[in-house]
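Source: prediction; values computed, not measured. Letters go in sequence order (proteins before strands), and every chain restarts at 1.
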2 protein chains.
Amino acid sequence: MQSKKKKEALVQFGKRLSYLRKAKKLSFRQLAVLCDVDYSNIKKFEKGEKNITIATLMELAIGLGVHPKELLNFPDDFLHRD
Amino acid sequence: MQSKKKKEALVQFGKRLSYLRKAKKLSFRQLAVLCDVDYSNIKKFEKGEKNITIATLMELAIGLGVHPKELLNFPDDFLHRD
DNA sequence: GAAAGTGTGGTTTAATAAAACCACGGTATC
DNA sequence: GATACCGTGGTTTTATTAAACCACACTTTC
């Protein structure tokens with residue numbers, strides 16, 4: 001993937017994660033406990049700094065109590081081929 | 001994540017990928033060209049042998065012409081906390 | 001039977017995600 | 001001001017993904 005689009009995709013994912021976490025009124029540390037993911041990394045996910053694996057995505061979805069696909073439920077306009 | 005659930009999640013993902021690829025009547029090699037992903041790895045994804053990153057998931061979604069969340073659109077019963 | 005396409009499975013390298021840490025400054029709450 | 005929680009950002013190690021190859025057996029088509 002072109003690195004620009006990859007970056008954009010990760011940022012979009014991060015926004016969804018951030019939105020869902022805030023909707024549940026969870027702090028980074030609180031979500032970390034629910035997810036079994038180290039708290040210091042969740043912000044990195046939300047900023048799009050990490051290209052996470054789907055296993056970790058599943059962890060986050062479980063902790064948030066949402067279906068995994070919700071974390072990818074963002075506008076995809078930027079993804080289309082040129 | 002417990003390794004059993006992780007494995008199950010990856011297998012579920014693989015099934016979605018396999019279903020969508022066949023629905024488009026694409027061979028591994030044909031999809032590989034569309035995705036810019038090496039053909040020899042797509043079957044590994046479909047078998048749940050790889051814990052792929054979301055960047056690669058995006059690649060596959062673009063190649064298949066579906067929204068990324070479609071690749072995670074599987075039953076999630078097995079994901080619930082005990 | 002030669003050529004082309006296919007599924008399958010193995011290997012190797014470099015890049016990087018996962019995971020676990022830590023430390024700092026800020027903000028409440030007592 | 002002590003305690004507790006928070007966001008932030010950095011580091012390090014290990015595991016593994018990504019990516020690129022290859023070879024083989026099987027079909028199908030010419």
Under the 3.5 angstrom rule, does the side chain of B:K24 hit a backbone N or O of B:L64 as a donor-acceptor pair?
yes
Verify side-chain contact (heavy atoms from CB on, under 4.5 Å) between B:K69 and B:N73, making sure each step is shown before the conclusion.
CA-CA 6 Å; B:K69 70 181 178 184; B:N73 195 17; over 6 Å; no
In whole angstrom, give the distance that lies between atom CG of A:D38 and atom P of D:dT11.
16 Å
Spell out yes or no: do the side chain of A:K44 and the base of C:dT16 have one donor N/O and one acceptor N/O closer than 3.5 Å?
no
Knowing that exactly one of A:R21, A:K22, A:K15 qualifies, which makes a side-chain hydrogen bond (donor to acceptor under 3.5 Å, both in side chains) with A:E46?
A:R21
Approximate separation, where rounding is to 0.5 Å, of B:L26 CG and B:I42 CD1:
9.0 Å
Spatial distance of atom CD (A:E49) from atom NZ (A:K43) [nearest 0.5 Å]
6.5 Å
Can you tell if the side chain of A:L72 reaches within under 4.5 Å of the side chain of A:R16, non-hydrogen atoms only?
no
Minimum heavy-atom separation for A:E59 to A:C35, with atom names?
OE1-O, 2.9 Å
Return the OG1 to CG distance between A:T53 and B:L57, rounded to the nearest 0.5 Å.
11.0 Å
Please write out each protein N/O paired with an N/O of nucleotides 13-18 of chain D under 3.5 Å, distance rounded to 0.1 Å.
from	atom 1	to	atom 2	distance (Å)
D:dA18	OP1	B:T53	N	2.6
D:dA18	OP1	B:T53	OG1	3.0
D:dA18	OP1	B:T56	OG1	2.9
D:dA18	N7	B:K50	NZ	3.4

Tabulated below should be each protein N or O lying under 3.5 Å from an N or O of nucleotides 2-8 of chain D; please produce it.
from	atom 1	to	atom 2	distance (Å)
D:dC6	OP1	A:S27	OG	3.1
D:dG7	OP2	A:F28	N	3.1
D:dG7	N7	A:R29	NH1	2.5
D:dG7	O6	A:R29	NH2	3.1

